[in-house]
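Notes to accompany the following structure.
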Amino acid sequence: MNGNVWAYRQTSGYRPGMDLTGYKVEATEGSIGKVDKHSAEIGSAYLVVDTGPWIFGKEVLLPVRAITRVDEEAGRIYIDLTKGEIEDAPEFDRAKHLGSADYRSALSTYYGFGASLAGRPAARAA
């Protein structure tokens, strides 16, 4: 993937100042939960998604580069990750990982935004 994974794609429909908290999140094959926390910090933006009943009691951190489309009217975010990719992602603990550069690096690598990890590709298409 080209560019900073913690920055929005220009084609995502995200506009500066939008608060995505509460938006439903749709993976490539269906809903994964809703945004519990949204950071729009330039070059360091992310979503914390509460997966609710899908992965009971689990939160996941997603780099905003995964967002393909924001549907403001419907309150939905579409991402280019599968449920399996999200479920198998490195465990997220808000208290430990929210500000951790090492965790962000591992997550970027896991999703294929960086070097290969666990057999995943070294780069994703933009």
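Start at 1 with the first residue, then count along the sequence.
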Inset, instruction - Would you kindly say whether Thr21 and Asp19 are connected by a side-chain donor-acceptor distance under 3.5 Å? - result: yes
Inset, instruction - Kindly indicate, with the supporting measurements, whether the criterion side chain to side chain contact (heavy atoms under 4.5 Å, CB included) is fulfilled by Met18 and Val70. - result: CA-CA 10 Å; Met18 287 178 80; Val70 175; 3.6 Å; yes
Inset, instruction - For residues Ser12 and Tyr8, report the shortest heavy-atom separation together with the two atoms involved. - result: OG-CB, 4.2 Å
Legend entry - Minimum side-chain heavy-atom gap Leu61-Tyr103 below 4.5 Å: yes
Show the atom names and distances, to 0.1 Å, of all donor-acceptor pairs under 3.5 Å that link a side chain in residues 40-48 to residues at least two apart or in another chain.
unit_1 : atom_1 : unit_2 : atom_2 : d
Ser44  : OG     : Arg104 : NH1    : 3.0

Inset, instruction - Look at atom NZ of Lys83 and say whether more than 12 heavy atoms of other residues, nucleotides or ligands are closer to it than 6.0 Å. - result: yes
Legend entry - Separation between NZ of Lys24 and OH of Tyr78, rounded to the nearest 0.5 Å: 10.5 Å
Legend entry - Rounded distance (nearest 0.5 Å) linking atom NZ of Lys37 with atom CG of Leu98: 6.0 Å
Inset, instruction - Could you tell me the separation between the OG1 atom of Thr82 and the CG atom of Asp88, rounded to the nearest 0.5 Å? - result: 8.0 Å
Legend entry - Separation between CD1 of Ile32 and CD1 of Ile79, rounded to the nearest 0.5 Å: 4.0 Å
Legend entry - Salt bridge present between Glu26 and Arg76 (N-O < 4.0 angstrom): yes
Legend entry - CD/Glu29: more than 12 non-hydrogen atoms of other groups inside 6.0 Å: yes
Inset, instruction - State whether the side chain of Arg9 and the backbone N or O of Arg65 hold a donor-acceptor pair below 3.5 Å, judged by distance alone. - result: yes
Legend entry - Spacing of CG belonging to Leu81 relative to OH belonging to Tyr111, to within rounding of 0.5 Å: 5.5 Å
Legend entry - Set of salt bridge (Lys or Arg N to Asp or Glu O under 4.0 Å) partners for Arg69, sequence neighbours left out: Asp71
Inset, instruction - Any chance you could measure Ile86, atom CD1, to Tyr110, atom OH, to the nearest 0.5 Å? - result: 8.5 Å
Legend entry - Arg15 and Glu72 ion-paired at < 4.0 Å: yes
Inset, instruction - Report yes if the side chains of Trp6 and Leu107 come closer than 4.5 Å at any heavy-atom pair, otherwise no. - result: yes
Inset, instruction - Without swapping roles, check the side chain of Thr109 against the backbone of Ser105 for a donor-acceptor pair under 3.5 Å. - result: yes
Legend entry - Any Val64 side-chain heavy atom under 4.5 Å of Leu20 side chain: no
Inset, instruction - Taking the side chain as every heavy atom from C-beta outward, state whether Tyr23 and His38 have any atom pair closer than 4.5 Å. - result: no
Legend entry - Non-hydrogen side-chain atoms of Lys58 and Val60 separated by less than 4.5 Å: yes
Legend entry - Student check: side-chain heavy atoms of Arg94 and Asp36 closer than 4.5 Å: yes
